[in-house]
Novice: 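Can you read through this structure? Questions will come right after.
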Amino acid sequence: MEHDIGLWAIPIAILGGAIRVSTPFLFVSLGEVLTERSGRINLGLEGTLVFGAMAGYATAVVTGSAWAGVIVAALSGSLFGLLHGLICSLPKVNDIAIGIAMMLFGTGLAFYFGKPFIQPVAPDLPAIPLGFWSDLPQLRAALEVNVLFLIGIVLALGMAWMFRATRVGLIIRVVGDSTDAARAMGLRPALIRTLATATGGAFAGVGGAYLSLYYPGSWNEGISSGQGLMAVALVIFARWNPIACFGAALLFGGAGALGPALQSVGVTQGYYLFYAAPYVLTLGVLIAISSPNRAMTGAPGELSITK
Amino acid sequence: MTRRFLPLSRRRFLHSAAALSGATMVSGLPRLAHAAEPLTVGFIYVGPRDDYGYNQAHAEGAAAVKEIPGVTVVEEENVPETIDVQKSMESMINLDGASLLFPTSFGYFDPHVLAVAPKYPDVRFEHAAGLWTEGMPENVGSYFGYIGMGQFLNGIVAGHMTKSKKIGFVAAKPIPQVLLNINSFLLGARQVDPSINCQVIFTGEWSLAVKEAEATNALADAGCDVITCHVDGPKVVIETAAGRGCYVCGYHADQSALAPQLYLTGAEWNWANVYTGMVNTILDGGTLPNFMRGGLAEGYIKMSPLGPAVTDAARAQFESTKEVIMGGGYSVIKGPLNDNKGNVILSEGQALVETDVALESMDYLVEGVIGSTS
């Protein structure tokens, strides 16, 4: 065979899978970091992701432009975030319960409006062939990097810088760590949290657009398989740090590619077990870094799960 | 004074109720005129009915049934293979008055259809892919097509078109029908060149878009240059494989629109033919056998038109083999045949014809398939 690369196929597939599969994880978890740093949890991002996938795909089909789809996905995501934020600003409302409601609402609405768009084919988002220097078709395919992936990296770095060094970042952190301190500074916590949730929702919507417009690149009702929920868990795993979110997203993407890659090189026994790799990995890491003595490091003080 | 708050007086309510029932009687009349007994037929799908795949194939059949005068069709999609399907069936029977049901997904049969059927002896349950055996309720039937023959023909075209001598198969779960499809695809290709191998990757689920895309990419990475699949909605596999420059063979329905240049052919269901036949039998007062099977000759399955890339040699062998299969009694699974672990399945001279029920309990992958059933 011309291009038989033997066991090298596994690391290449994991690299390719990490790049291809990680983007939705990255966007949703960045959105969730922003929301949680402001002191709220939005569990509804799975619904936002699915709705963003539908809205993006539908827009791309209608307008013929994939980028218009991304913009509409972001807008619809921010509307979902805004709704979550506004409802949670009412007194005595539990953000986790609203999040679950928003998740079901988002997926239901997406299925309802998405019916006519299962069949049509939408234009794809462009990818940059970063593997042009290699002769291996496998490596070239693995290094087809989508523009949204690169935007996601920039976003992660930008957000880390924002939290560390800017006034906006400081405001979000104060609101997230202590409502009382924020009020004493003259800030309006409910408003800031609502804006943070809306922005986080926009990110999740873009993550959805990546699913439907690039990889796997089509809209159907089973498109998400729970990435939105896993990304919320990723945030805890990444300790509310945007850069760590990027690493965690890559890890999850790569672990997801392990099962098919192993089967393709002939390791065919027990593939169900390999498919569970990302989840086993999460459990393992969480156990390894847990401590009975101190609370979760990096957790915003106002978060309802850590309060 | 409470009566004031009611939007309708009793008299007006009775009035409109009478008008309403009159209207339904009138609209019911034309149907009565066409057929002696109006028939309501219920279709239940496990996924969306326009998925370019399994469910779309059944929905196309339902659409054909809808055209028959005197027949009302009710449909429900995205019904999981759980207690939910029992509720769907019962509501179709009790609320819509359905007397013929097509719960179309494999997992609906046991235990769900078998649990509901004894409660409604006047309702006919027709299940796709199930295996009706003696002792099961008499009002249950199972029908299916020998679509492995279609994958065999896919394989013949694939065998001509592959340059790497390695073809790929994205499979959902290692159940007998899927295994028969994989084996048939490889054995078709080996009709052309016995050195061809087939790499299979199981995704573990009927519909899992990201994993299907990953599996397709892994096949392309492993050097497969013709790819087919057995998942519920082949859209993702076809698009991803074509995106990697591989030829594709379709499954369930016609996917040529997704990859016009690289689509070779495809094994499709022909449910429109089967369902209209079954419904007409019932309308004419006949009874359906409990066990119905058919292949290309009986019009249960059909092949997609050959794509523009297919060579003349491939076309010739495809057409001549199809001719032989149409004659009936063809065996794809025949000796000498080993499985891919080296065990003898069939020795020289033994053969299982397409109608053999033993094929419906297949639990092996034949020699030349790279993969494992567990």
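All values reported here derive from a predicted model rather than from experimental measurement. Lettering of chains follows the sequences in order, A, B, ..., and the numbering in each one begins at 1. Basis for what follows: all heavy atoms, side chains included, without hydrogens, waters or symmetry-related copies.
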Novice: With a 4.5 angstrom heavy-atom cut-off, which part of A/Tyr275 approaches chain B: side chain, backbone, both or neither?
Specialist: both
Novice: Quick check on B/Thr216 against chain A: is it the side chain, the backbone, both or neither that has a heavy atom closer than 4.5 Å?
Specialist: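 Contact with chain A: none, neither part.
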Novice: Need one label for B/Val200: side chain, backbone, both or neither, based on atoms under 4.5 Å from any heavy atom in chain A.
Specialist: backbone
Novice: Between B/Tyr52 and A/Ile118 (side chain of the first, backbone of the second, donor and acceptor by atom type, cut-off under 3.5 Å), is there such a pair?
Specialist: no
Novice: Taking side chain as C-beta onward, heavy atoms only, is B/Val210 less than 4.5 Å from A/Val21?
Specialist: yes
Novice: Which residues, numbered in order, of residues 241-263 of chain B come under 4.5 angstrom of chain A by heavy-atom distance?
Specialist: B/Arg244, B/Leu258
Novice: Checking heavy atoms, do the side chain of A/Leu262, its backbone, both or neither come under 4.5 Å from chain B?
Specialist: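 Contact with chain B is absent: no heavy atom of A/Leu262 under 4.5 Å.
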Novice: Do B/Glu77 and A/Glu221 make a side-chain contact, defined as non-hydrogen atoms from C-beta onward lying under 4.5 Å apart?
Specialist: no
Novice: Find the one option among B/Glu239, B/Lys211, B/Glu212 whose heavy-atom pairs under 4.5 Å with chain A are most numerous.
Specialist: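 Most pairs with chain A among the choices: B/Lys211.
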Novice: Give a yes or no answer on whether the side chain of B/Glu214 reaches the backbone of A/Gly17 with a donor-acceptor pair at less than 3.5 Å.
Specialist: no
Novice: With a 4.5 angstrom heavy-atom cut-off, is it the side chain or the backbone of A/Pro116 that approaches chain B, or both, or neither?
Specialist: neither
Novice: Considering only heavy atoms, which portion of A/Ala257 lies under 4.5 Å from any heavy atom of chain B: side chain, backbone, both, or neither?
Specialist: both
Novice: Which bit of B/Gln56 is near chain A, if near means a heavy-atom gap under 4.5 Å: side chain, backbone, both or neither?
Specialist: side chain
Novice: Looking at chain B, which one of A/Pro24, A/Gly217, A/Gly222, A/Ser218 has the largest number of heavy-atom pairs inside 4.5 Å, strictly under?
Specialist: A/Ser218
Novice: Could you check whether atom OH of A/Tyr112 has more than 12 heavy atoms from other residues, nucleotides or ligands sitting under 6.0 Å from it?
Specialist: no
Novice: Check whether any side-chain heavy atom of A/Tyr215 sits under 4.5 Å from a side-chain heavy atom of B/Asn217, and report yes or no.
Specialist: yes
